Amino acid sequence: MSNTRIAFIGAGNMAASLIGGLRAKGLEAQQIRASDPGADTRARVSAEHGIDTFADNAEAIEGVDVVVLAVKPQAMKAVCESLRPSLKPHQLVVSIAAGITCASMTHWLGAQPIVRCMPNTPALLRKGVSGLYATSEVTAQQRDQAQELLSAVGIAVWLEHEQQLDAVTAVSGSGPAYFFLLIEAMTAAGVKLGLPQEVAEQLAEQTALGAAQMAVTSDVDASELRRRVTSPGGTTQAAIESFQAGGFEALVEKALGAAAHRSAEMAEQLGK
Ligand SMILES: NC(=O)C1=CN([C@@H]2O[C@H](COP(=O)(O)OP(=O)(O)OC[C@H]3O[C@@H](n4cnc5c(N)ncnc54)[C@H](O)[C@@H]3O)[C@@H](O)[C@H]2O)C=CC1
Ligand SMILES: O=C(O)[C@@H]1CCC=N1
C-alpha cells in the first residue's frame with residue numbers, strides 16, 4: 001500500500017470511515033482523493049483528512065491505482081457510465097455498494113478488474129468486518145491492495161462465490177442495526193421494569209460491548225458462553241426460555257433471509 005493511490009467516488013459515511021482508516025494506517029494525504037457532488041461533504045473530508053477533493057468524478061480518478069465506488073446503489077449505474085471513458089484497464093475498481101453485481105458493473109464500466117465488498121459501519125471505529133469477492137481479471141497484487149484497503153478499518157474475509165455477498169450483507173452489513181435494535185428493546189424493557197432511561201441505556205450498551213468482547217476473545221463458542229451465564233433454574237434460563245418460546249431463532253433466520261433476499265432483489269432491479 002506504500003505507493004498505492006486511491007480515489008473515492010462518493011465521500012459519504014462509508015468513504016469517510018475508509019479514508020480515516022487508511023490515514024491512520026499511514027497512507028499520505030497525497031495518496032488519497034475523493035469526489036462528491038456535495039460541496040459541504042467535500043469540504044468536510046478535505047478538512048478532516050487533508051486530501052484533495054473534486055466535484056468531477058473523472059478528474060478524481062486520473063493517475064490512481066484503485067477507484068473505490070462508495071455511492072448509493074441507486075447511483076451506481078450513472079456513476080459507472082460516467083467513469084467509463086476515463087478508466088484505464090489497469091485501474092482496480094472496488095465497489096462497496098449493496099446489491100450491485102460484478103456483471104452489472106462490467107456491463108456499465110466495460111472489462112475492468114473488480115473487487116466487490118460489503119463492509120459495515122463499525123468501520124468508523126476500525127472495528128468493521130467486510131466480505132470481499134474478486135473477479136478473475138483481478139491480479140494478486142490488486143487482491144492485496146483491496147485486502148489492505150478494507151483491513152484498514154477492521155477484518156477482511158475473502159469469499160469464493162459472489163452470491164455469498166448477499167449472506168454477508170444480511171449477517172454483518174446490516175448486522176449492526178440488529179444489535180442497535182436489541183439495545184433499544186432492552187433499554188425500553190429496563191425502563192418498564194423501573195430503571196431510569198439513562199441507567200437502562202448504559203446497562204444495555206455496556207452489556208452488548210462486554211458480551212461482544214467476550215465472544216471475540218474467548219476460546220469457547222457463544223453457546224458455551226451463554227451456558228456459563230445460565231444458572232439452572234435461574235433468571236437467565238427464565239429469559240432464554242421466554243425468547244425461545246417466542247420463536248427467537250426462527251425470527252432471526254427469517255429477518256436475515258429478508259435482508260439477503262433484498263440484496264439479490266436490488267441486483268435484479270438496479271442492475272439493468
Ligand atoms: N451505511 C452502511 O451501513 C453501509 C453501506 N454500504 C454501501 O456503501 C455505499 C455508500 O453508503 P453511505 O456511505 O452510507 O452513503 P452516503 O449517502 O453517506 O454517501 C454516498 C455519497 O455519494 C455521493 N454521491 C451521490 N451521487 C454521486 C455521484 N454521481 N458521484 C459521486 N458521488 C456521489 C453523495 O453526495 C454522498 O456523499 C452504499 O452503496 C451502501 O450500499 C455498505 C455497507 C454498509
Ligand atoms: O441497508 C442497506 O441497504 C445498507 C447495506 C448494508 C447496510 N446498509
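We count ligands from 1, going down the list as the structure has it; atoms in each ligand are counted the same way. These values consider heavy atoms only, across backbone and side chains, with no hydrogens, waters or symmetry-generated copies. Source: prediction; values computed, not measured.
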Going by the order shown, which atoms of ligand 1 are within less than 4.0 Å of some heavy atom of [X]?
X	answer
M118	42 (C), 43 (C)
P119	42 (C), 43 (C), 44 (C)
V79	28 (C), 29 (N), 30 (N)

message: For atom 14 (O) of ligand 1, what is the closest protein heavy atom, and at what distance to 0.1 Å?
response: K72 NZ, 3.6 Å
- prompt: Can you tell me which residue and heavy atom of the protein come closest to atom 41 (O) of ligand 1, and the distance to 0.1 Å?
  reply: A98 N, 3.0 Å
- request: For A98, take its heavy atoms, then give the atoms of ligand 2 lying under 4.0 Å from any of them.
  value: 5 (C)
message: Heavy-atom distances under 4.0 Å decide this one: backbone, side chain, both or neither, for A70 against ligand 1?
response: backbone
message: Tell me the contacting part of N57 for ligand 1: side chain, backbone, both, or neither, using a 4.0 Å heavy-atom threshold, strictly below.
response: side chain
message: Strictly below 4.0 Å, N to O, side chains only: are D65 and R5 in salt-bridge contact?
response: yes
- request: Answer yes when R228 and E224 have at least one side-chain N-carboxylate O distance shorter than 4.0 Å, and no when they do not.
  value: yes
- request: Would you check the N or O atoms of V71, main chain and side chain alike, for any that come under 3.5 Å of an N or O of ligand 1?
  value: yes
message: Quick check on P37 - does any of its heavy atoms sit under 4.0 Å from an atom of ligand 1?
response: yes
From the candidates N120, T121, I96, V168, the one that places a heavy atom nearest atom 7 (C) of ligand 1: I96
message: Is the terminal nitrogen or CZ of R84 (NZ for Lys, CZ for Arg) located under 6.0 angstrom from the six-membered ring centre of W108 and within 45° of that ring's axis?
response: no
field: Smallest separation among heavy atoms of V71 and A97, with atom names
entry: O-CB, 4.1 Å
field: Min side-chain heavy-atom separation Q237-I240 under 4.5 Å
entry: no
